[in-house]
Amino acid sequence: MAELIKILLDFSERAGEIARSIRQEPKLFALLVEEKGEAEKNQRFDHDFKTLADVLIQEALRHHLIHVIPNLGDHVHGEESAEFTNTLGEKIIVQICDTQQETATLLAKVLDGNQEAADILADVVHSDINRSSEPELLKQIPNLPIENLGIWIDPIDSTGEYVKGEIGTSCNGIYTHGLQCVTVLIGLYDRLSGLPLGGIINQPFAVFNEENQSWQGEVYWGVSYGSVSIHNVPLKTSSHRDGRPILLVSSSEDVKLQEKFKNKFSVVHATGAGYKLLAVALGHASACVSSKGSTFRWDTAAPHGLLVAQGGGIIIYQKIGQLPREKKIAVDCLNEVQIRYHKPNDNTTRHSLMWCNEGGFVAYHDPSVLSSISDCL
């Protein structure tokens, strides 16, 4: 199990390097920011380059896992379909091939014959990338039920900030926008219960080096199973502003609801579902609330696993009223209202809505904050 987590950590860094390379390499950056009208887009291929970057990372993870645990490849889920259609009308399944040259040849077909861009992408995907691991922590990883393991991945969360490429500024350790809000999310869950088992969040653009104009990433991870929980997040109490605990919401959240929360919290806006949840895990905020079904399982699986490893979690917003009104809530009660990751939603006709968090969510670092949130509601 420790070997699998090490592989996933290394892979998250590979994904971060792909994200950084696309922004740093002029040939790829030009494709990333290229605005296409519908007519022009259809002349090229039926997905844009942002989607190709997502699919590349998603399929690279599947490729690496199959070499270690062959059966696990079928249980890697993400947002994007790997099927593209090029200008000749050919349907091409994007996959990582056995050799770099084969991958480059396939990508060139998708990229309308742009062999130079295909070569650059194939080189990054096939390069050896190893991050410095935490051997003492890895030794403590519990033996997860690997035969029942499932994985949700969001290759590049907060794509809008990724394309704009601005450098954000922080307040109380929280970035409201900017490349710092971009994350790579890899969540582990039990396919039988649907409950999270672990999460890896890579922040490819965590620190900007002014001297050489380059970015450095950070990786946070946690695993929890049975009585064992382990994570690499530095211990930190949740931040306050104006004497009140910080609550993160999207700027599109209902205004009346935000006013209710201001009775007990300092409400702060930030972009990117994965980033907001990471900020809770890092202790920059006490909780994050989304009352709408605007996020998906791939957004929450990784942060959920990381939070559970810290004693926190993510519950369904619409079910918060089912919890007892007390500071200390039993784990069994919390499990009843946790988001689960193994089954699609009922009665959905659109494929994308099958996996949305239709009841909204409340993410917390410490369960005691839930009573304050419930009071506000």
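- Between Pro204 and Val184 the shortest heavy-atom distance is CG-CG2, 4.0 Å.
- Between the side chains of Gln115 and Asp119, at least one donor N or O sits under 3.5 Å from an acceptor N or O.
- Side-chain N/O atoms of Asn172 and Ser239 include no donor and acceptor closer than 3.5 Å.
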Any chance you could lay out the side-chain hydrogen bond (donor to acceptor under 3.5 Å, both in side chains) test for Gln258 and His269, step after step, and finish with the verdict?
-> CA-CA 10 Å; Gln258 292 185 52; His269 298 155; 2.7 Å; yes

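- When hydrophobic side chains of Ile, Leu, Val, Met, Phe, Trp and Tyr are connected at separations under 4.5 Å, Val267 ends up clustered with Leu247, Val249, Leu257, Phe261, Phe265, Val289, Ile315, Tyr317, Ile320, Leu323, Ile329, Leu334, Val337, Val362, Tyr364, Val369, Leu370, Ile373, Leu377.
- Counting only distance, with no hydrogens or angles, the side chain of Asn263 and the backbone of Cys376 share no donor-acceptor pair below 3.5 Å.
- Asp154 places no side-chain N or O within 3.5 Å of a backbone atom of Glu79 that could act as its donor or acceptor partner.
- When all heavy atoms of Tyr175 and Cys181 are compared, the closest pair comes out as O-SG, 3.5 Å.
- There is a side-chain donor-acceptor pair under 3.5 Å between Thr300 and Tyr341.
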Exercise. Take Tyr220 and Gln203, measure what side-chain contact (heavy atoms from CB on, under 4.5 Å) needs, and give me the verdict at the end.
Key: CA-CA 8 Å; Tyr220 303 99; Gln203 199 179 5; 4.0 Å; yes

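- In this structure a side-chain-to-backbone donor-acceptor pair under 3.5 Å is present from Gln180 to Gly168.
- The closest side-chain heavy-atom distance from Phe49 to Leu111 is below 4.5 Å.
- Contact check on Lys6 versus Glu3 returns no salt bridge, with no Lys/Arg side-chain nitrogen under 4.0 Å from an Asp/Glu carboxylate oxygen.
- The CD1 atom of Ile230 sits 7.5 Å away from the CG atom of Leu138 when rounded to the nearest 0.5 Å.
- Annotation for Val308: hydrophobic cluster partners, listed by chain and number, are none (ILVMFWY side-chain heavy atoms under 4.5 Å, direct or chained).
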Please test Leu179 against Tyr162 for side-chain contact (heavy atoms from CB on, under 4.5 Å), starting from the C-alpha separation and ending with a verdict.
CA-CA 6 Å; Leu179 279 168; Tyr162 180 59; 4.2 Å; yes

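- Among the candidates Val219, Asn232, Ile186, Asn202, the single residue satisfying the side-chain contact (heavy atoms from CB on, under 4.5 Å) test with Leu9 is Val219.
- Side-chain contact between Ile66 and Asp74 is absent, with no heavy atoms from C-beta onward closer than 4.5 Å.
- Between the side chains of Ser291 and Glu253, at least one donor N or O sits under 3.5 Å from an acceptor N or O.
- Using a 4.5 Å heavy-atom cutoff, the side chains of Trp221 and Ile5 are in contact.
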Self-check item: Audit row: Arg20, Glu13, salt bridge (charged side-chain N to carboxylate O under 4.0 Å, His left out) steps and yes/no
Solution: CA-CA 10 Å; Arg20 287 187 291 268; Glu13 190 54 35; 2.7 Å; yes

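- Considering every non-hydrogen atom in both Ala122 and Leu107, the closest pair reads N-CD1, 4.2 Å.
- Between Asp54 atom CG and Ile156 atom CD1 the span is 5.0 Å, to the nearest 0.5 Å.
- Residues passing the salt bridge (Lys or Arg N to Asp or Glu O under 4.0 Å) test with Glu161, sequence neighbours excluded: Lys164.
- Of all heavy-atom pairs spanning Glu358 and Gln318, the tightest one is O-NE2, 4.0 Å.
- For the pair Leu282 and Gln310, the minimum side-chain heavy-atom distance is 4.5 Å or more.
- Checked by atom type, the side-chain pair Ser286/His365 shows no donor-acceptor distance below 3.5 Å.
- Here the straight-line distance linking atom CG of Leu28 with atom CD1 of Ile120 works out to 4.5 Å at 0.5 Å rounding.
- To the nearest 0.5 Å, atom OG of residue Ser224 and atom CD1 of residue Ile141 are 12.0 Å apart.
- A pairwise comparison of heavy atoms in Leu106 and Cys97 identifies CD1-SG, 4.3 Å as the closest pair.
- Taking Ile69 as the reference, Leu4, Leu72, Ile146 meet the side-chain contact (heavy atoms from CB on, under 4.5 Å) condition, with sequence neighbours excluded.
- Atom CD1 in Ile167 sits 4.0 Å away from atom CZ in Phe208 (nearest 0.5 Å).
- With sequence neighbours excluded, the residues that form a side chain to side chain donor-acceptor pair (under 3.5 Å) with Glu102 are Thr99.
- Under the 3.5 Å distance criterion, the side-chain polar atoms of Gln216 are left unmatched by any main-chain donor or acceptor of Asn209.
- Between Leu31 and Asn114 there is a side-chain heavy-atom pair separated by less than 4.5 Å.
- Remark: the backbone N or O of Ser252 is paired with a side-chain donor or acceptor of Ser250 at under 3.5 angstrom.
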| task | Could you give me the CA-CA distance, side-chain angles and deciding distance for Trp355 and Phe296, then say whether ring-ring contact (aromatic ring centres under 6.0 Å, His included) is met? | result | CA-CA 6 Å; Trp355 298 106; Phe296 296 82; over 10 Å; no

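- Side chains of Asn345 and Cys356 form a contact here, defined as non-hydrogen atoms less than 4.5 Å apart.
- Cluster annotation: Val76 is connected to Val125 through the hydrophobic network of ILVMFWY side chains, with a link wherever side-chain heavy atoms come within less than 4.5 Å.
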*For the pair Leu61 and Ile151, evaluate side-chain contact (heavy atoms from CB on, under 4.5 Å) and give the outcome as yes or no after the intermediate values.*
CA-CA 10 Å; Leu61 175 59; Ile151 295 177; 4.2 Å; yes

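- Residues passing the side-chain contact (heavy atoms from CB on, under 4.5 Å) test with Ser193 are Asp190, Leu195, Arg340, sequence neighbours excluded.
- Rounding to the nearest 0.5 Å places CZ of Arg297 at 7.0 Å from CD1 of Ile339.
- Closest non-hydrogen pair, Cys288 versus Lys276, comes out as SG-CB, 3.9 Å.
- Judged by distance alone, with hydrogens and angles left aside, the side-chain atoms of Gln24 form no donor-acceptor pair with the main-chain N or O of Ser21 at under 3.5 Å.
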Test log, rule side-chain hydrogen bond (donor to acceptor under 3.5 Å, both in side chains), inputs Arg241 and Ser266: CA-CA 6 Å; Arg241 191 176 73 169; Ser266 177; 3.0 Å; yes

Report task. Test Lys256 against Glu259 for salt bridge (charged side-chain N to carboxylate O under 4.0 Å, His left out), laying out the working first. Result -> CA-CA 5 Å; Lys256 292 181 179 178; Glu259 289 301 318; over 6 Å; no

Let's go through Phe11 and Leu65 carefully: what are the C-alpha distance in whole Å and the side-chain angles of both, what is the deciding distance for side-chain contact (heavy atoms from CB on, under 4.5 Å) to 0.1 Å, and is it a yes or a no? CA-CA 10 Å; Phe11 175 79; Leu65 285 179; over 6 Å; no

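- Looking at heavy atoms from C-beta onward, Ile316 lies out of side-chain contact with Phe361 at the 4.5 angstrom threshold.
- Gln338 and His304 share a side-chain donor-acceptor pair at under 3.5 Å.
- Two residues are said to be in side-chain contact when any heavy atoms from C-beta on lie closer than 4.5 Å; Val55 and Thr51 meet this criterion.
- Comment: Glu59 engages Arg62 in a salt bridge, judged by a side-chain N to carboxylate O separation of less than 4.0 angstrom.
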